[in-house]
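In what follows, a structure is listed as structure tokens, so that the remarks can point back to it.
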Amino acid sequence: MRIGYPCMNTGIGCTSARTFRLKSWSEERFLSTVAENLACLSRILAYNAAHRLLFFRVTSDLVPFASHPVNTLDWPEIFTEEFAGIGALVRENRMRISMHPDQFTLINSPDEGVRERSVAELTYHAAVLDAMGLDTTAKVQVHVGGVYGDREAAMARFVERYRTLPDRIRRRLVVENDDRLYTARDCLSLHRACGVPVVFDTLHHECNPSGEDVAGALAACAPTWSHHADGLPMVDYSSQAPDARRGRHTPTLDPAHFAAFLAASRPHDFDLMLEVKDKEQSALRARALATDDPRVKRNL
DNA sequence: CTTAGTCAAGGGGTA
DNA sequence: TACCCCTTGACTAAG
């Protein structure tokens with residue numbers, strides 16, 4: 001079990017998610033922003049390596065407007081060295097990377113334009129991981145998408161479109177249960193139909209359950225990952241913020257809830273993404289809480 | 001300097 | 001049909 005956190009570090013004083021308004025677009029602005037973002041990502045990963053936080057989600061804002069028509073620059077080529085350096089850092093420290101495109105990425109949309117933009121966005125995400133030289137254990141996770149008034153048809157469209165995605169995308173794509181529309185069980189049925197691995201999200205499963213307890217859901221999702229090509233299963237963990245709208249993440253790690261999760265999840269092994277607002281601070285506390293867990297101990 | 005409104009992109013739910 | 005919500009940090013113009 002590697003423990004990680006998403007997208008940003010609260011302590012080191014830089015962000016890899018700098019962006020700008022489309023109105024402010026210029027090649028100079030783009031190039032300087034990407035350069036800053038990549039430099040910051042390097043710093044974050046160096047911090048993570050030093051603190052043995054070996055799982056990290058790279059922000060989708062790393063390359064602003066990467067899939068937008070306004071951008072005709074060959075950014076993977078321009079930043080070849082920077083991406084390669086980051087990839088080397090990841091590999092040398094046996095770290096793992098994931099990405100999670102925004103809600104606009106909907107491969108099951110009936111709208112041709114939405115689908116095309118989604119494929120372009122997925123191509124961007126795959127291109128980042130490719131430029132880093134990472135193997136197919138580095139994943140791009142998406143939700144199933146909309147229902148469009150007909151769940152069966154919407155799920156069938158996901159399957160059909162997954163099958164025809166370029167291999168560059170498909171080999172990295174994994175699907176996650178969401179908090180309203182598609183449960184873990186729905187995702188498992190997609191896996192049976194097309195082979196897509198399933199990321200289990202604990203909070204979404206609480207909000208939008210499909211009958212299994214945590215252990216049962218993990219047992220069902222784990223075999224959707226081919227150990228060789230896909231690596232360990234990925235699990236997103238968070239708990240419900242008290243007195244907040246359903247689905248809102250807690251601001252910081254709840255130690256008792258986390259301990260209960262660790263106990264319930266045994267003996268399954270997976271890489272764990274802590275979706276908590278204070279980011280690396282909670283990841284560090286989680287790792288400390290779990291140091292006696294043999295799954296974590298192996299990676300210290 | 002601080003702050004409040006806004007940002008490429010979709011879809012679901014309510015009135 | 002019209003409007004609100006999600007989720008979120010960062011940008012940007014206004015004060």
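Scope of the values below: all heavy atoms of this structure, side chains included, with no hydrogens, waters or symmetry mates. All of these numbers come straight from a predicted model, not from anything done at the bench. Quick note on labels: first sequence line is chain A, next is B, and so on, each numbered from 1.
Contacts of Ser189(A) classified as side chain to side chain donor-acceptor pair (under 3.5 Å), with partners at least two apart in sequence or in another chain: none. Asp230(A) meets the side chain to side chain donor-acceptor pair (under 3.5 Å) test with Lys139(A); sequence neighbours excluded.
For DNA chain C, each stem of at least three Watson-Crick or G-U pairs (distances under 3.5 Å) is given as range with range: B:1-7 with C:9-15, B:10-15 with C:1-6.
Ring geometry, Phe158(A) versus Tyr162(A): the interplanar angle falls under 30°, so the pair is classed parallel (tilted spans 30 to 60°).
Near DNA chain B, meaning a heavy atom under 4.0 Å away, the residues from residues 95-109 of chain A are Gln103(A), Phe104(A), Leu106(A), Ser109(A). Non-hydrogen atoms lying under 4.0 Å from DNA chain B are contributed by Arg117(A), Glu121(A), all within residues 115-122 of chain A. Near-neighbour residues of DNA chain C inside residues 20-41 of chain A, defined by a heavy atom below 4.0 Å, number-ordered: Phe20(A), Arg21(A), Ser24(A), Arg29(A).
For residues 107-120 of chain A, the pairs satisfying salt bridge (Lys or Arg N to Asp or Glu O under 4.0 Å) are Glu112(A)-Arg115(A), with sequence neighbours left out. Among pairs with a residue in residues 271-300 of chain A, none fulfils disulfide (SG to SG under 2.5 Å), at least two apart in sequence or across chains. Under the salt bridge (Lys or Arg N to Asp or Glu O under 4.0 Å) criterion, the residue pairs touching residues 164-174 of chain A are Asp130(A)-Arg168(A), Asp130(A)-Arg171(A), Asp130(A)-Arg172(A), Asp167(A)-Arg170(A), with sequence neighbours excluded. Residues in residues 255-267 of chain A take part in these salt bridge (Lys or Arg N to Asp or Glu O under 4.0 Å) pairs, two or more places apart or across chains: Arg266(A)-Asp293(A).
For the pair Arg285(A) and Asp254(A), the salt-bridge criterion is not met [side-chain N within less than 4.0 Å of a carboxylate O].
Leu262(A) is not listed as a side-chain neighbour of Tyr237(A), based on a closest heavy-atom distance of 4.5 Å or more.
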Show every donor-acceptor pair shorter than 3.5 Å between a side-chain atom in residues 11-24 of chain A and any protein atom, with sequence neighbours excluded, or say none if there are none.
residue: Thr15(A); atom: OG1; partner: Ala17(A); partner atom: N; Å: 2.9
residue: Arg18(A); atom: NH1; partner: Glu36(A); partner atom: OE1; Å: 2.8

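Nucleotides of DNA chain B with any atom under 4.0 Å from a heavy atom of chain A span, from 5' to 3', dT6(B) to dG12(B).
Looking at heavy-atom distances under 4.0 Å, Tyr148(A) makes contact with sugar-phosphate atoms alone, never a base.
In this structure, a donor-acceptor pair under 3.5 Å is present between the side chains of Ser60(A) and His125(A).
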